[in-house]
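Structure first, then comments.
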Amino acid sequence: ITSVGLRALQALFQKSDGRHVMSWQEYLQELRRLSKGSSQREVLEQVSAVEKTLKAYAERKLPRHPLPKLGFSEEFIMDHLLDCANLLELDSRLNDLRQTVIENFGIWHIFSEDWLDDLALHLNGRETLQLMSGNAVLSAGLANVTATDSFDWSKQDVTRPDPWTNVENLDATSAVEKYADVMDVIIMEWAPDTSEDDWEVLQKLRTMRWPGEFIVIGERNGATNSEKFWDECRLEEPEDLNQRHERFDFIDDRVYLIG
């Protein structure tokens, strides 16, 4: 098979998105089927890491360690198709992990206990407000955090609210108005790219001359947040909050301090 032919086959698999919504158990079974018979460590390690992640979420726990980068290079696929005949399809299905987690657990931001330990160390017990908390997976693992969310997202991606801890029903701007004066840190996690609520929050904090630390988790000019927000904010990428917040799929979400 040539590299041109390989890219064409990869594109074909990636466009085959007419599947039904899979349970996480069905998805895991599919990965096992596609990797069956392979002796390649890279294949086995990736499927094992995905399995540990899904089983952790099913128990309302976080995976202990970050996921490896999922998928395979063209060179790897061409070298090992004889060992694993379904390698092309497996490569495509591994990229469905995030959607599987969204549909089954209502979680968009995928992170590990290792990274949460880094964040807890950074926060050092400071009073923290989380905006757009979703199912509050992040807040549930931290001390002194007030979680808020409007739950507007609950109509998307076959998801429903099932918070891991208490979440106050407040939109982001209202939460800032209510709590900013008594908070040392504000965290905004995976804000949607379909509104400028994030930009309104930033404007309000600047107008208030709020002196605290504003942490934003998302993909710059990509899957999260508004274009206006990324254009207008000043970014710092702290090493201590990114060294174990590693990209595993096509979304490169990072942790930023916002000025």
Side-chain angles (χ1 to χ4, degrees), residues 62 106-111 115-156 159 161-242 245 253-259:
L62 294 176
I107 297 170
W108 279 259
H109 176 211
I110 296 176
F111 58 90
W115 176 76
L116 193 66
D117 289 344
D118 293 340
L119 179 59
L121 186 63
H122 180 91
L123 295 175
N124 195 29
R126 290 177 290 170
E127 290 295 332
T128 300
L129 171 66
Q130 187 180 0
L131 310 175
M132 307 180 186
S133 301
N135 277 321
V137 177
L138 181 63
S139 296
L142 297 168
N144 301 327
V145 177
T146 299
T148 63
D149 196 287
S150 67
F151 295 107
D152 287 346
W153 53 269
S154 62
K155 303 174 186 66
Q156 304 172 19
T159 56
D162 186 20
W164 288 28
T165 190
N166 293 330
V167 178
E168 186 171 353
N169 194 332
L170 282 174
D171 65 72
T173 304
S174 299
V176 168
E177 291 172 348
K178 182 174 181 178
Y179 287 113
D181 286 341
V182 295
M183 295 293 169
D184 303 306
V185 181
I186 293 176
I187 298 175
M188 185 163 63
E189 177 191 29
W190 267 65
D193 62 353
T194 53
S195 78
E196 293 189 350
D197 292 350
D198 52 354
W199 166 235
E200 292 175 11
V201 166
L202 182 58
Q203 283 184 301
K204 183 167 286 293
L205 292 176
R206 286 175 174 174
T207 300
M208 296 169 60
R209 297 185 182 277
W210 182 68
E213 184 175 65
F214 187 21
I215 299 174
V216 169
I217 305 164
E219 184 183 35
R220 185 178 184 182
N221 298 317
T224 75
N225 298 84
S226 65
E227 183 178 349
K228 182 74 169 176
F229 177 83
W230 293 123
D231 286 346
E232 298 292 338
C233 67
R234 298 182 297 274
L235 301 175
E236 178 186 341
E237 203 170 314
E239 183 178 353
D240 64 320
L241 295 180
N242 283 286
H245 191 275
D253 54 337
R254 307 291 290 165
V255 187
Y256 299 101
L257 302 183
I258 305 298

Looking at side-chain heavy atoms only, is the closest gap between [X] and [Y] below 4.5 Å?
X: Val176; Y: Met208; answer: yes
X: Ile187; Y: Leu129; answer: no
X: Leu131; Y: Val201; answer: yes
X: Trp115; Y: Leu138; answer: yes
X: Met188; Y: Asn225; answer: yes
X: Met132; Y: Pro192; answer: yes
X: Thr146; Y: Met183; answer: yes

Return the CD1 to CG distance between Ile107 and Leu62, rounded to the nearest 0.5 Å. 7.5 Å
Specify the closest pair of heavy atoms between [X] and [Y], including all atoms of both residues, with the distance to one decimal.
X: Leu235; Y: Trp230; answer: CD2-CZ3, 4.0 Å
X: Phe151; Y: Val167; answer: CZ-CG1, 3.6 Å
X: Thr224; Y: Asp193; answer: C-CB, 4.0 Å
X: Gly259; Y: Leu202; answer: O-CD1, 4.2 Å
X: Leu123; Y: Leu142; answer: CD1-CD1, 3.9 Å

Tell me if the [atom1] atom of [X] is crowded by more than 12 foreign heavy atoms within 6.0 Å.
X: Asn169; atom1: CG; answer: yes
X: Arg220; atom1: CZ; answer: no
X: Glu236; atom1: CD; answer: yes
X: Glu227; atom1: CD; answer: no

Summary of side chain to side chain donor-acceptor pair (under 3.5 Å) pairs that have at least one residue in residues 170-188, sequence neighbours excluded: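 Every side chain to side chain donor-acceptor pair (under 3.5 Å) pair that includes a residue of residues 170-188, provided the two are not neighbours, is Glu168-Lys178, Glu168-Tyr179, Asp171-Ser174, Glu177-Lys204.
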Distance-only donor-acceptor hits, side chain of residues 211-218, under 3.5 Å, sequence neighbours excluded:
| from | atom 1 | to | atom 2 | distance (Å) |
| --- | --- | --- | --- | --- |
| Glu213 | OE1 | His122 | NE2 | 2.9 |
| Glu213 | OE1 | Arg126 | NH2 | 2.9 |
| Glu213 | OE2 | His122 | NE2 | 3.3 |

Where does the angle between the aromatic ring planes of His109 and Phe111 fall among parallel (under 30°), tilted (30 to 60°) and perpendicular (over 60°)? tilted
